[in-house]
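A short worksheet on the structure shown next.
Each chain gets a letter, A, B and so on, in the order the sequences are listed, and its residues count up from 1.
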Amino acid sequence: MPELPEVETTCRGVAPWLEGRSVELLDVREPRLRWPIPQNLPRQVHGLRIGTLQRRAKYLLMPLMDLQHPERSQGLIWHLGMSGSLRLVSPQEPWKKHDHLQLTPSPLPSDTRPPLCLRYHDPRRFGFLLFYTGDPLLHPRLEKLGPEPLSDDFTAQRLYQRSRQRKLPVKAFIMDSAQVVGVGNIYATEALFRAGIDPRRAAGRISLARYTELVKLIKLILAAAIEQGGTTLRDFVGGDGKPGYFAQQLDAYGRAGQPCRKCSTVLQETRIGQRSSVFCPQCQR
DNA sequence: ATGCGGACCTGTTAGC
DNA sequence: TGCTAACAGGTCCGCA
């Protein structure tokens, strides 16, 4: 499941191979993603030069410059959905089941071999690829997003203020991308466990002091996960592309019925906003 | 505006 | 053993 750390790792992993090259070919073998890929997209991006890749929330932004019209801002927005992955592969690599797209960059004069291709694989097809013009951060899909969790804009004060009078469970609140981006089910579960906050508690009934602790932990956990992902950058070339963050130790997620690591109470499972939620009924209040 | 639930999709696992 | 049903999850959308 691509969470923010995996998208960040993907971005860092593929950027050095792609930036500065042009799009020779966008090969669409399966256009039926979360939103269908327009038929003319390959023509639209052909020949454009790939700029600096950037991650925003779980979106990967790929600016594409038209050298005839350098003032125009345009490019691609990738989203990996639930089961998507982007990987650099050799042009000879056979297409596997659920490989849907491939972006082939043009060779540079200094290249002695064909450049690696960017291939998109996504069994569940929840991911998507969009073409944008103008400022990508103002794209309808991105403009209403909350702050990046690792930025200084993500503060306890912000969460506290925006949660007053809100009755939804705090877990659903921190998973709301208008509050903060990149906190998926795994990280919400873990952060609330470590903060000792009951995930079912109304967001509006949590003190500033407790939000301060929660924000600290979200930043800590995400930063650690990105660092782990960073150790597997080599997997993006020829490897299996599996992210490293699964290796991290999870205290609550996926441990329902097992003893709490702090107090040995059996961890409980419930559902919050259609999501499975594991918590310790003793430690989390 | 807020909060909830359904839809999308398919590989894996649980249950009969 | 073989079948069906539930489950996983990010994001969007419709409804009350």
Side-chain angles (χ1 to χ4, degrees), chain A residues 1-11 29-37 55-61 77-86 95-101 120-130 132 136-137 139-146 148-149 159 161-192 199-206 218 222 225 240-243 245-246 248 250 252-258 267-279:
Chain A
M1 295 136 263
E3 299 249 5
L4 182 144
E6 185 178 354
V7 180
E8 178 68 28
T9 302
T10 297
C11 184
R29 304 265 174 119
E30 173 53 88
R32 294 174 304 165
L33 303 187
R34 180 72 159 88
W35 289 290
I37 295 180
R55 178 192 60 75
R56 170 73 173 116
K58 293 172 185 169
Y59 300 85
L60 188 63
L61 310 182
I77 300 175
W78 303 79
H79 195 290
L80 306 181
M82 265 281 306
S83 55
S85 62
L86 280 169
W95 287 65
K96 292 202 204 80
K97 196 179 181 184
H98 304 307
D99 284 348
H100 304 313
L101 310 168
Y120 181 69
H121 176 89
D122 188 359
R124 293 177 204 174
R125 291 193 271 123
F126 274 23
F128 52 87
L129 178 61
L130 302 169
Y132 71 82
L137 301 178
H139 188 280
R141 296 255 113 74
L142 306 184
E143 65 168 342
K144 297 206 175 89
L145 292 175
E148 285 290 321
L159 278 192
Q161 283 171 258
R162 295 175 64 100
S163 63
R164 293 310 88 183
Q165 321 288 35
R166 297 290 302 270
K167 293 184 168 63
L168 82 170
V170 60
K171 177 158 178 275
F173 182 68
I174 60 171
M175 288 176 69
D176 175 1
S177 63
Q179 311 309 329
V180 58
V181 302
V183 181
N185 199 32
I186 296 174
Y187 294 109
T189 298
E190 291 299 302
L192 288 164
R200 301 166 297 182
R201 180 178 282 272
R205 305 200 51 185
I206 288 176
I218 289 172
L222 284 175
D240 62 7
K242 291 239 171 72
Y245 73 82
F246 283 117
Q248 82 180 275
L250 298 171
Y253 182 85
R255 295 195 67 242
Q258 294 176 247
L267 297 183
Q268 278 186 21
E269 181 157 21
T270 183
R271 293 191 78 79
I272 297 172
Q274 312 289 93
R275 290 281 115 79
S276 94
S277 299
V278 181
F279 66 102

Whole-Å distance between [N] [atom2] and [X] [atom1]?
X      : N      : atom1 : atom2 : result
A/R275 : C/dC12 : CZ    : P     : 13 Å
A/K171 : B/dG3  : NZ    : C1'   : 15 Å
A/L33  : C/dC12 : CG    : P     : 15 Å
A/R125 : B/dC9  : CZ    : P     : 6 Å
A/Q179 : B/dG3  : CD    : C1'   : 13 Å
A/K144 : B/dA1  : NZ    : P     : 10 Å
A/E3   : C/dG10 : CD    : C1'   : 9 Å
A/L168 : B/dT2  : CG    : P     : 10 Å

Can you see if the side chain of [X] gets near the phosphate of [N] - specifically, an N or O under 4.0 Å from OP1 or OP2?
X      : N      : result
A/R271 : C/dA8  : yes
A/R166 : B/dG3  : yes
A/Q274 : B/dG6  : yes
A/K97  : B/dG11 : yes
A/H98  : B/dT10 : no

* Which residue lies more 5' along DNA chain B, comparing A/G273 with A/P123 via nearest heavy atoms ->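 Here A/G273 is the residue nearer the 5' end.
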* Atom CD of A/Q165: over 12 foreign heavy atoms under 6.0 Å ->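 Not buried by this count: 12 neighbours or fewer within 6.0 Å.
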* Asked: Within a radius of less than 6.0 Å around CZ of A/R164, do more than 12 heavy atoms belonging to other residues, nucleotides or ligands occur?
  ->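 It does: A/R164 CZ has more than 12 such atoms within range.
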For [X], report the nucleic acid contact type (base, sugar-phosphate, nothing); a contact means any heavy atom under 4.0 Å.
X      : result
A/Y59  : sugar-phosphate
A/R34  : base
A/S177 : nothing

* Check the angle between the aromatic planes of A/H79 and A/F128 and answer parallel, tilted or perpendicular using the 30° and 60° thresholds. =>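 Geometry flag for A/F128 against A/H79: parallel rings.
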* To do: Over 60° means perpendicular and under 30° means parallel, so classify the ring planes of A/H121 and A/H98, tilted if in between.
  =>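 Answer is perpendicular, since the angle exceeds 60°.
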* Asked: Looking only at atom types and distance, does a side-chain atom of A/E3 sit under 3.5 Å from a main-chain N or O of A/G184, one as donor and one as acceptor?
  ->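 At least one qualifying donor-acceptor pair exists.
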